[in-house]
Protein chains: 2
Amino acid sequence: MPDQTIDPELISDVLSLQRVAMQLSLASRRRLAIEIEGFGLTVPQFIALRALSNAPEGLTMSELADASQQLSATMTGIIDRLVERNIVQRQRNPDDRRSLRISLSESGKHLIQQIEDQQIKRMTRVFRLLSAFERKEMLRLLTLYLETTLAELPESQPVHP
Amino acid sequence: MPDQTIDPELISDVLSLQRVAMQLSLASRRRLAIEIEGFGLTVPQFIALRALSNAPEGLTMSELADASQQLSATMTGIIDRLVERNIVQRQRNPDDRRSLRISLSESGKHLIQQIEDQQIKRMTRVFRLLSAFERKEMLRLLTLYLETTLAELPESQPVHP
DNA sequence: TATTGTTATACTCTATAACTATA
DNA sequence: TATAGTTATAGAGTATAACAATA
């Protein structure tokens, strides 16, 4: 049986952390949306491209849907629009003709690289304000929080752990 | 002119932080969507309700749109659906009959309270794993990151700073 | 029969532009 | 004329269910 003692300091910290974490989550998504809009992408499209860029050999629609936390019916539309713009390719799998192999095109690879370069540049501006120790501490705490968050999602199988 | 020295440790930390922060931002939004779906709400609806719950006297459509980082044309539809379900109220402002006063109904207040209770309970389970010092450190670092993120958004005027 | 992926349908959100009512 | 808010329209994502092709 876990310790149910009421710790007023814990309660007060959690209230603050809840508020900041919620605002940060919403603001980050918003900033991401603005950042990638400059490249003509939506957030779900970018999530799919990120998953594909971690899988050089490509992914099936089901793998992509799992990795993006989307239904495969939704994935179809997202990939349709990326194929139209020649950002990804759709190929039949000769071994199992039911399944498809989705992969980044050359211009898709270039696009995602550009976006990630821009993101790294921005993050570097922020994190050079912190000491090496603080950066490690932040990484450790964020990773812990990420793990508990992922544990609460169904089927969250990152393609690259 | 800022220090442009290449610090390999900084670069490596930023790569890790960028990856974790991105995943966390996406996973948090996803978890929020699942959590509030149980209450029949969408994320944009929840964002609007949160802004309203911090403004007991209500907000105009423009204030609500600013606080939610939405266009007022978008806000109209979001509020339409919340009014239909009697979660918020729309009242003409007698002083300036062009503007509206949007506020939570009693059942809306109850709904947002239920959701926030559930979120606090979940966050408490996570953060009781950390020491008081670690919680404070996390709050400090997240706040710093939130501030730089908000600074990059246009017109991000939180109703409650 | 089971699996992979798509199509059909309905709803929500987002963005732009045109519009109404009020100031 | 300017401001507050809505409507019209188009496109994108989300969820459910029914479906085709392949295994």
Side-chain angles (χ1 to χ4, degrees), chain A residues 26 29-49 51 58-85 87-102 153-155, chain B residues 26 29-49 58-85 87-103 153-155:
Chain A
L26 299 174
R29 164 100 177 195
R30 184 78 189 158
R31 187 194 49 200
L32 173 63
I34 291 171
E35 187 163 41
I36 63 180
E37 195 193 5
F39 295 92
L41 293 178
T42 65
V43 173
Q45 286 170 357
F46 175 70
I47 294 173
L49 294 181
L59 295 173
T60 66
M61 286 300 284
S62 339
E63 286 168 342
L64 194 46
D66 279 358
S68 305
Q69 290 265 308
Q70 294 282 6
L71 299 172
S72 59
T74 303
M75 217 61 234
T76 297
I78 293 170
I79 294 303
D80 278 350
R81 290 177 280 274
L82 292 172
V83 168
E84 258 173 36
R85 292 165 56 196
I87 293 170
V88 306
Q89 297 155 343
R90 231 194 213 118
Q91 290 159 308
R92 278 276 160 216
N93 177 355
D95 296 346
D96 181 345
R97 293 186 40 73
R98 287 173 307 181
S99 82
L100 297 169
R101 192 121 231 107
I102 315 294
L153 293 179
E155 300 277 329
Chain B
L26 301 175
R29 165 100 176 194
R30 185 76 190 159
R31 187 194 48 196
L32 173 63
I34 291 171
E35 187 164 41
I36 63 180
E37 196 194 5
F39 294 92
L41 294 178
T42 65
V43 173
Q45 287 169 357
F46 175 70
I47 294 172
L49 294 182
L59 295 173
T60 66
M61 287 300 285
S62 336
E63 286 167 342
L64 195 46
D66 279 358
S68 306
Q69 290 265 309
Q70 295 282 4
L71 300 171
S72 59
T74 303
M75 216 62 235
T76 297
I78 292 170
I79 294 302
D80 278 349
R81 290 176 280 276
L82 292 173
V83 168
E84 258 172 38
R85 292 166 56 196
I87 293 171
V88 306
Q89 297 156 343
R90 231 193 213 118
Q91 289 160 307
R92 278 278 160 213
N93 177 353
D95 296 347
D96 181 343
R97 293 187 39 75
R98 288 174 305 180
S99 81
L100 297 170
R101 191 120 232 107
I102 315 294
S103 56
L153 292 179
E155 298 278 330

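As the structure is a prediction and not an experimental result, all values here were calculated from the model. The sequence lines fix the lettering, A, B, ..., with proteins before strands; numbering per chain opens at 1.
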For the pair made of [atom1] in [X] and [atom2] in [N], what is the distance, rounded to whole Å?
X	N	atom1	atom2	answer
B:Leu100	D:dG5	CG	P	5 Å
B:Arg101	D:dG5	CZ	P	9 Å
B:Asp66	D:dT3	CG	P	14 Å
A:Met61	D:dT22	CE	P	17 Å
B:Asn93	D:dG5	CG	C1'	13 Å
B:Glu37	D:dG13	CD	C1'	14 Å
B:Arg92	D:dT3	CZ	C1'	13 Å

At less than 4.0 Å, is any side-chain N or O atom of [X] found next to OP1 or OP2 of [N]? Yes or no.
X	N	answer
B:Arg90	D:dT6	yes
B:Arg98	D:dT3	no
A:Gln69	D:dT14	no

*asked:* Are the side chains of B:Val43 and A:Leu26 in contact, using a 4.5 Å heavy-atom criterion?
replied: yes
*asked:* I'd like the 5' and 3' limits of the part of DNA chain C contacted by chain B, with heavy-atom contacts below 4.0 Å.
replied: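 So the outermost contacting nucleotides come out as C:dT12 to C:dA23.
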For [X] versus [Y], what's the shortest heavy-atom pair and its separation?
X	Y	answer
B:Asn93	B:Asp95	OD1-N, 2.9 Å
B:Ser103	B:Gly58	CB-CA, 4.1 Å
A:Pro44	A:Gln70	CB-NE2, 4.1 Å
A:Gln45	A:Arg81	NE2-CB, 4.1 Å
A:Met75	A:Ala48	CE-CB, 3.5 Å
B:Arg90	B:Asp80	NH2-OD1, 2.6 Å

_Can you tell me which residue among B:Leu32, B:Leu82, B:Ile47 is in a side-chain contact (heavy atoms from CB on, under 4.5 Å) with B:Leu41?_
B:Leu82
*Which distance, rounded to the nearest 0.5 Å, do you find between the CD of B:Gln91 and the CG of B:Leu100?*
9.5 Å
*Output the residues of residues 70-82 of chain A in contact with DNA chain C, where contact means a heavy atom of the residue under 4.0 Å from an atom of the strand; sort by number or write none.*
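Hits under 4.0 Å, by residue number: A:Ser72, A:Ala73, A:Thr76.
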*Between A:Gln45 and B:Thr60, which is nearer to the 5' end of DNA chain D once each is assigned its nearest nucleotide?*
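Per heavy-atom nearest nucleotide, the more 5' residue is B:Thr60.
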